[in-house]
Amino acid sequence: MTDTFSANTLDSRIVITGVGITAPNGNTLSEFRHNLLNGVSGVQKFTTRYLGDTLAGICNFDPLKYQKKKDLRRGTRAGSISIYCSHEAVIDSKIDFENFDKSRIGIYLGITEHGNVETENEIYSISQFNYDTKFWTHHHNPRTVANNPAGEVTLNMKITGPHYTIGAACAAGNLGIIQGVQMLRLGEVDMALVGGISESIHTFGIFAAFRNEGALAVNEDPARASRPFDRDRNGIVVSEGGCVFVLERLSDALKRGAKIYAEIAGYASNSDATDFVLPNSERQAECIKLALKKAGIGPEKIDLVNTHATSTPLGDVNECKSIRSVFGENSEVYVNNTKSFIGHTMGAAGAIELAGNLDSFNDMMVHPTINVDNVDPQCEFKNLVMNKPVKAKKIDYILNNSFGMLGINSVLIVKRFVK
Amino acid sequence: MTDQDIKNVILEIVADIAPDADLSDIKPDIRLREQIELDSMDFLDIVMELRKRYAIDVPEDDYMKLSTLNGCVEYLRPHLKNR
């Protein structure tokens with residue numbers, strides 16, 4: 001056993017050949033990328049039950065593009081996001097989906113949590129009937145089972161291969177991708193729909209909990225609320241969104257002449273084992289190092305680090321420490337952050353944020369982290385890309401961090417595809 | 001409520017449960033499930049709506065009586081005639 005991908009064959013090399021996305025500032029990859037390069041935020045004012053006015057990243061994709069009204073009534077918001085992104089990814093991949101063996105397609109979607117939205121709604125609903133459980137909906141169980149978002153995709157697209165979700169807090173987007181890579185390598189499936197989704201803004205609980213731990217962003221101007229690395233950052237903007245990638249073995253992608261966005265170079269996941277909520281920079285650094293080792297490269301090969309930073313005072317500093325410990329104090333690596341535009345899309349974050357940076361392989365542009373008026377000295381990097389995009393000389397490797405509660409860390413490295 | 005009112009109530013509930021269906025030509029004596037896409041979970045939604053709107057509890061043994069529009073009217077008339 002070696003630590004790098006053992007047999008570097010066309011069958012073990014996994015590539016991204018399709019992208020479907022809905023983010024608070026874009027319902028296609030090109031719209032999303034355009035907005036990331038032009039400083040367009042997707043954070044808005046939002047009102048939620050019990051809590052009142054707050055801020056959120058809200059998606060405005062058309063769910064009726066791929067679903068009937070009845071499907072929307074029967075299913076969940078998480079399901080709709082998953083269905084939209086999966087269809088868009090398959091269309092984007094230009095794969096012959098109609099004739100593809102549907103039993104050989106796997107769906108692996110990362111989620112932070114699922115079922116809270118439906119449970120909260122139902123409790124509210126029976127509160128109107130004196131909490132009589134006779135009024136509790138029979139739809140509760142199929143809507144709240146943890147596989148619901150991926151399962152709705154199978155129903156909608158008639159996919160009969162395996163489907164499940166990966167519950168991994170805010171590291172989930174990366175882990176959905178990692179799961180797909182593994183299953184393709186094992187030969188379990190021939191095509192994987194992977195990524196992450198989140199419908200979190202439709203539960204008041206996530207806002208109230210972040211607020212009560214002092215971690216919910218407050219700002220007069222919604223677009224300025226998510227501000228990782230800025231001295232005056234004050235918390236997270238909760239957002240919804242989703243991103244699904246089509247993953248294939250390189251051999252299959254080449255055979256059909258697919259457009260290849262990037263190749264998966266390495267990945268890692270580990271656990272802090274220290275705290276329910278507080279991150280651990282040593283474990284994060286270990287996770288980054290492990291991903292580099294699996295990719296068979298040193299940190300000097302990485303051109304861009306897309307950070308997880310959520311705009312909390314402590315979390316951002318912690319991640320900067322981890323990055324510095326791996327890349328060194330004087331590293332010239334570009335560092336950016338996507339949450340500054342769209343807030344924290346939770347289980348979707350890893351996947352959405354990776355998608356937002358894939359085009360760097362083509363245009364060499366690095367999108368910035370916006371809203372940095374005064375950089376926190378503890379978050380400084382030589383090449384922290386602030387407020388305006390920069391043109392890089394070379395983008396061959398992108399490293400994507402995603403970390404989550406209970407100390408779950410995930411790191412994914414993608415590289416420019418070269419035959 | 002008149003029989004027509006009851007019919008309208010049922011059609012309104014069904015319209016909500018099956019929003020894509022065309023209800024303009026529903027035959028009152030043919031089972032609803034044969035005319036529009038309704039499964040057992042949808043049927044339970046009809047039962048739930050009757051409970052929520054009119055506090056009518058339909059026991060499982062009576063579900064079949066609600067299978068057609070006219071069946072619904074027959075069944076619900078005693079419950080709704082004075083409302």
Side-chain angles (χ1 to χ4, degrees), chain A residues 49 61-81 83-84 87 114-115 117-158 160, chain B residues 6-27 30-69 71-72 75-76 78-80 83:
Chain A
R49 189 183 291 148
F61 69 99
D62 176 12
L64 290 173
K65 191 168 177 186
Y66 303 112
Q67 290 183 281
K68 290 184 189 161
K69 285 182 191 156
K70 186 175 174 182
D71 301 329
L72 299 186
R73 194 182 176 279
R74 174 70 71 88
T76 64
R77 176 71 171 171
S80 286
I81 292 172
I83 288 167
Y84 176 83
H87 273 279
H114 179 72
V117 172
E118 292 71 29
T119 305
E120 279 180 14
N121 283 342
E122 277 311 310
I123 290 173
Y124 177 76
S125 169
I126 65 166
S127 77
Q128 313 299 303
F129 298 94
N130 204 23
Y131 294 101
D132 184 342
T133 54
K134 265 196 321 200
F135 294 94
W136 188 264
T137 181
H138 47 284
H139 294 296
H140 177 77
N141 293 347
R143 282 179 184 155
T144 59
V145 285
N147 62 317
N148 167 283
E152 284 202 35
V153 176
T154 65
L155 294 172
N156 184 278
M157 299 179 78
K158 307 293 173 215
T160 58
Chain B
I6 297 172
K7 251 183 214 171
N8 290 344
V9 162
I10 294 297
L11 286 173
E12 191 185 303
I13 291 173
V14 171
D16 189 37
I17 292 164
D20 309 290
D22 177 7
L23 304 182
S24 60
D25 195 26
I26 292 287
K27 308 271 184 294
I30 296 176
R31 288 176 61 179
L32 285 165
R33 286 173 72 166
E34 285 170 26
Q35 303 180 73
I36 54 171
E37 203 184 310
L38 277 184
D39 62 19
S40 57
M41 293 290 271
D42 297 322
F43 183 75
L44 289 173
D45 276 325
I46 299 177
V47 172
M48 178 67 87
E49 277 306 305
L50 291 171
R51 187 181 292 143
K52 282 184 174 173
R53 293 183 188 201
Y54 304 108
I56 297 169
D57 263 320
V58 183
E60 208 174 330
D61 288 347
D62 290 347
Y63 284 177
M64 278 309 287
K65 295 178 183 166
L66 298 178
S67 62
T68 66
L69 206 47
C72 288
Y75 187 82
L76 295 172
H79 296 277
L80 294 175
R83 300 179 73 156

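Note: hydrogens, waters and symmetry copies are ignored here, and every other heavy atom, side chains too, is used.
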request  = Name the option with the most non-hydrogen atom pairs under 4.5 Å to chain B; the candidates are Lys68(A), Arg74(A), His138(A).
outcome  = His138(A)
message = For Tyr54(B), I'd like to know if atom OH has over 12 heavy atoms of other residues, nucleotides or ligands within 6.0 Å.
response = yes
key: Contact class of Met41(B) relative to chain A, heavy atoms under 4.5 angstrom   = both
ask   = Pick from Asp42(B), Asp16(B), Asp39(B): which one makes a salt bridge (charged side-chain N to carboxylate O under 4.0 Å, His left out) with Lys70(A)?
value = Asp42(B)
Per-residue contact mode, Asp57(B) against chain A (heavy atom under 4.5 angstrom) = side chain
key: Interatomic distance, Thr137(A) atom OG1 to Asp45(B) atom CG [nearest 0.5 angstrom]   = 6.0 Å
key: Proximity breakdown for Phe129(A) and chain B, heavy-atom pairs closer than 4.5 Å   = side chain
ask   = Is Arg51(B) paired with Asp132(A) through a side-chain N to carboxylate O contact shorter than 4.0 Å?
value = no
key: Crowding at CD, Glu60(B) (>12 non-hydrogen neighbours, <6.0 Å)   = no
task = Grab the two heavy atoms, one from Met48(B) and one from Trp136(A), that are nearest each other, plus how far apart they are.
result = CE-O, 3.3 Å
